[in-house]
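Structure record follows, encoded as structure tokens.
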Amino acid sequence: MTSDFLIFVLIGFLAQIVDGALGMAFGVLTTTALLSVGVAPAAASAMTHVTECFTTAASGLSHLYQRNVDWRLVIRLAPAGMVGGAIGAYALSNIDGEAIAPYVSAYLIAVGLYILYKAFQPKFPRDVHDWIVPFVGGGGGVLDAMGGGGWGPIVTSSLLGRGHDAKKVIGSTNLTEFAVTTVISATFIITLGWSELSSALGLILGGVLAAPIGALVVKRLPVKPLMIAVSLIIIGTAAVRFV
């Protein structure tokens, strides 16, 4: 077992702990970590997306087991997210995704601050028939495909900001991400071949091992610390990319 493989396992494990517990940041954390250890940008993005096909499945099943999923929310998010992901993947070949990055980061910082404010306010959960849910899913899918990540930050943060239950949002977002990621990643899986796919095996192993832990954290952790943690990671990752 090579040192590079063990590093990839560790990266996948830690990134999935955060993503499973907070409903976001696997793509951002994994890509950033891979770049820091010398992986080329294109390869880092490809490995991250291929890995997410497996980690999102494991994370979604773990959240199902812990009863963190609201199927009504999943049904409203998934179709829009898949369509948005397909549109974003197509548009990426014609539009520079980096051009919209500053606007996305500014939006995420604002949403993160709003969630931090909401964490200290009385909770008035909205019904899952909130009209904006499909639009959030579609926008999250587009931005995830074009930016190499963003489903969790966009969807989780937006729904938490709207007042939805934190644990159900995180569980449902993680489960739905499997369908969205599969659509976005299909081209990578077809074109990479087995040699490139094998480079992601360490990330896949680490992420799958961590998935049950993240789901358990969501089930056990009180809502207020969860929302505070979500807001801080949104602000931090968005501010870094904005700069």
Side-chain angles (χ1 to χ4, degrees), residues 8 11-13 15-34 42-64 68-69 73-93 97 104 133-134 136-159 169-192 196-197 199-211 214-215 237:
F8 292 159
I11 290 172
F13 185 87
Q16 185 56 42
I17 289 272
V18 174
D19 189 273
L22 303 183
M24 64 186 68
F26 183 88
V28 174
L29 293 176
T30 301
T31 302
T32 301
L34 290 175
S45 177
M47 289 172 64
T48 297
H49 278 85
V50 170
T51 302
E52 284 184 320
C53 288
F54 297 87
T55 58
T56 53
S59 182
L61 291 173
S62 299
H63 280 291
L64 274 175
N68 297 330
V69 174
L73 191 57
V74 171
I75 290 171
R76 290 172 62 77
L77 277 175
M82 294 168 72
V83 171
I87 293 173
Y90 175 79
L92 185 59
S93 61
V104 175
V133 171
V136 170
V142 169
L143 293 171
D144 186 80
M146 295 188 67
W151 171 261
I154 295 294
V155 176
T156 302
S157 60
S158 296
L159 295 183
V169 164
I170 291 172
S172 302
T173 300
N174 269 266
L175 180 63
T176 307
E177 189 175 10
F178 168 69
V180 177
T181 301
T182 299
V183 170
I184 295 172
S185 302
T187 302
F188 279 116
I189 295 173
I190 293 171
T191 58
L192 283 176
E196 288 292 338
L197 182 59
S199 300
L201 289 178
L203 295 175
I204 294 169
L205 177 60
V208 170
L209 290 175
T237 55

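None of these values were measured; they are calculated from a predicted model.
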Minimum heavy-atom separation for [X] to [Y], with atom names?
| X | Y | answer |
| --- | --- | --- |
| Ile184 | Gly85 | CG1-CA, 3.9 Å |
| Ile170 | Asn174 | O-ND2, 2.8 Å |
| Val136 | Ser158 | CG1-CB, 3.8 Å |
| Leu34 | Phe8 | CD2-CE2, 3.6 Å |
| Ala210 | Gln16 | CB-CB, 3.8 Å |
| Ala80 | Pro134 | CB-O, 3.0 Å |

Practice item. Could you tell me the separation between the CD atom of Glu177 and the OG1 atom of Thr55, rounded to the nearest 0.5 Å? Key: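 The OG1 atom of Thr55 is 7.0 Å from CD of Glu177, to the nearest 0.5 Å.
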Check your understanding: So how far is it from Met82 CE to Thr181 OG1, rounded to the nearest 0.5 Å?
Key ->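 That separation rounds to 10.5 Å.
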Any side-chain heavy atom of [X] sitting closer than 4.5 Å to one from [Y]?
| X | Y | result |
| --- | --- | --- |
| Leu205 | Phe54 | no |
| Leu201 | Ile204 | yes |
| Leu73 | Val133 | yes |
| Thr30 | Thr51 | no |

**Study point:** Intermediate values then yes/no, side-chain contact (heavy atoms from CB on, under 4.5 Å), Leu64 and Leu175
**Key:** CA-CA 8 Å; Leu64 274 175; Leu175 180 63; 4.2 Å; yes
Exercise for review: Using the side-chain contact (heavy atoms from CB on, under 4.5 Å) rule, take Leu159 and Leu77 through it: C-alpha gap first, then chi angles, then the decisive distance, then the call.
Suggested key: CA-CA 11 Å; Leu159 295 183; Leu77 277 175; 4.0 Å; yes
